[in-house]
Amino acid sequence: MANRSHTAALVVAAGSGTRAQPGNIPKQYQSVGGTPILGRVLRAFLDHADIDIVQPIIGARHQALYESLALHHPKLRPAVDGGETRQASVLRGLDALMHNAPSLVLIQDAARPFVSAGLIDRVIAALAGTRGVAPTLPVSSTLKRVEDGRIVATIDRTHLEAAETPQGFVFSAIHEAHQKAGSAGMSFTDDAAVAEWAGIEVRTVAGEAGNIKLTTAADIAGADRRLAGEDLLRAGEVHVGVGYDVHPLGPGSEVMLGGVAIPHTRGLIGHSDADVVLHALTDAVLGALGDGDIGQHFPPSDQKWRGVSSDRFLADAAARVRARGGAIAHLDVAYIGEGPKIAPHREAMRASIAKICGIPVARVGVKATTNEGLGFIGRGEGVAAHAVATIRLPFAP
Ligand code: MG
């Protein structure tokens, strides 16, 4: 047997998640707390000291979505394409792990982003004494058998428990069990069931009520609120910052506003991409932190900032908030210009700003006005933006 300490995690993300996909984004690629669900799940295993290798299994048509997670980690293996069913996908993932010869494997559903380090610890620890482990929780609701909208039986829930993931196994045992189940045409809804069928004893460890499976759009919205609320509640003090920026208009065919390229008859002139909206927001966040301004952190005299995309300025300011143990509660920006029209791009700008800062879209406001033809803005010589950032920080005497 291979070295017992070599433990792999298989993250099954090949589903198309049709019950929770506004805008056709499969649920594992939707965000909670500003981070895609799959990114959170992978991160939980990549960050765990006892996991040596992480193997994602993705949908064959989700390659571009997966690339957009931009995850890089020495433990992360290239994603493999899943099969027609969850079970077929797991088998492909186990096959892909073969040449790494892990001694143990934890198999995790991508739709459970709240998997804790403590649960991973318990599953690995229990594998010291058995070949299969599943976290379970007693069922608390009374269970009914329902046919045609009528209860036909009440099920005795004594001994009934609901299974979660990660489920852990001795690698060779579960790999062989999956190969056999696949050849026999047997289909199961989790890996513990495959193991049971193959005669592998599966012991239970305590699951966690918070380790929920996100199935519907309502589940995802609830998880988003829970994460945003947790960050904000940790930090009680309210700080507000303002930001203002101006850039001249010049020759060009598009302007960058809020990180979105908007076609226009002119362009914005500046050292970076001249995104006044992101510059004003960056100064507002830095102002709320009492941490200087954009020119101090990214001096225009420094050639390395020439032509750069301004999202990195705002992302840096948002990272400074997190580094202080805080959270961005709200961002609001007012763009002032005689063009281009902002309304058609407002939602794209809100989504872009939210993504840069890792906050829900509901916490971003974008507005625009003309200057009624007055002054330098009215004459079309330039545009401006005002921004307000409300952040929460831990109390600092
Ligand atoms: Mg500027």
Side-chain angles (χ1 to χ4, degrees), residues 239-321 328 330-343 345-346 348-359 363-372 374-391:
H239 293 235
V240 175
V242 302
Y244 172 71
D245 195 36
V246 170
H247 277 273
L249 283 161
S253 58
E254 66 173 27
V255 291
M256 286 298 287
L257 292 174
V260 176
I262 299 175
H264 192 42
T265 52
R266 324 216 27 212
L268 283 170
I269 309 303
H271 192 75
S272 63
D273 63 5
D275 189 327
V276 283
V277 167
L278 294 188
H279 294 180
L281 283 165
T282 302
D283 263 357
V285 173
L286 291 172
L289 285 169
D291 188 2
D293 62 19
I294 191 170
Q296 179 190 330
H297 297 295
F298 302 96
S301 56
D302 191 332
Q303 286 307 308
K304 73 179 168 200
W305 308 124
R306 176 173 287 280
V308 303
S309 166
S310 297
D311 53 357
R312 57 192 294 177
F313 304 152
L314 183 56
D316 174 80
R320 288 170 186 272
V321 176
I328 296 173
H330 193 259
L331 296 173
D332 190 19
V333 66
Y335 168 80
I336 312 159
E338 301 298 323
K341 283 235 173 301
I342 294 301
H345 307 285
R346 186 200 311 270
M349 289 168 67
R350 291 178 72 210
S352 161
I353 293 162
K355 188 174 180 205
I356 293 165
C357 295
I359 61 176
R363 295 180 177 277
V364 179
V366 170
K367 300 170 288 18
T369 180
T370 71
N371 221 33
E372 299 290 344
L374 299 170
F376 74 89
I377 294 174
R379 290 190 297 274
E381 294 165 15
V383 302
H386 292 271
V388 174
T390 307
I391 71 174

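In what follows, every heavy atom counts, from backbone to side chain, and hydrogens, waters and symmetry copies are set aside. Order of listing sets the numbers, starting from 1, for every ligand and every atom in it.
A search for salt bridge (charged side-chain N to carboxylate O under 4.0 Å, His left out) contacts involving D291 returns R320, not counting sequence neighbours. With sequence neighbours excluded, the residues forming a salt bridge (charged side-chain N to carboxylate O under 4.0 Å, His left out) with K367 are D332, listed by chain and number.
The angle H247:NE2 - the Mg ion (ligand 1) - D245:OD2 amounts to 90°, with values rounded to 10 degrees.
The minimum distance between the Mg ion (ligand 1) and any N, O or S atom of H279 involves atom ND1.
Taking 2.8 Å as the criterion, D275 does not count as a coordinating residue of the Mg ion (ligand 1), since none of its N, O or S atoms falls below it.
Residues S272 and H279 bring a donor and an acceptor atom of their side chains to less than 3.5 Å of each other.
In this structure, the side chain of H247 engages the main chain of I269 through a donor-acceptor pair within 3.5 Å.
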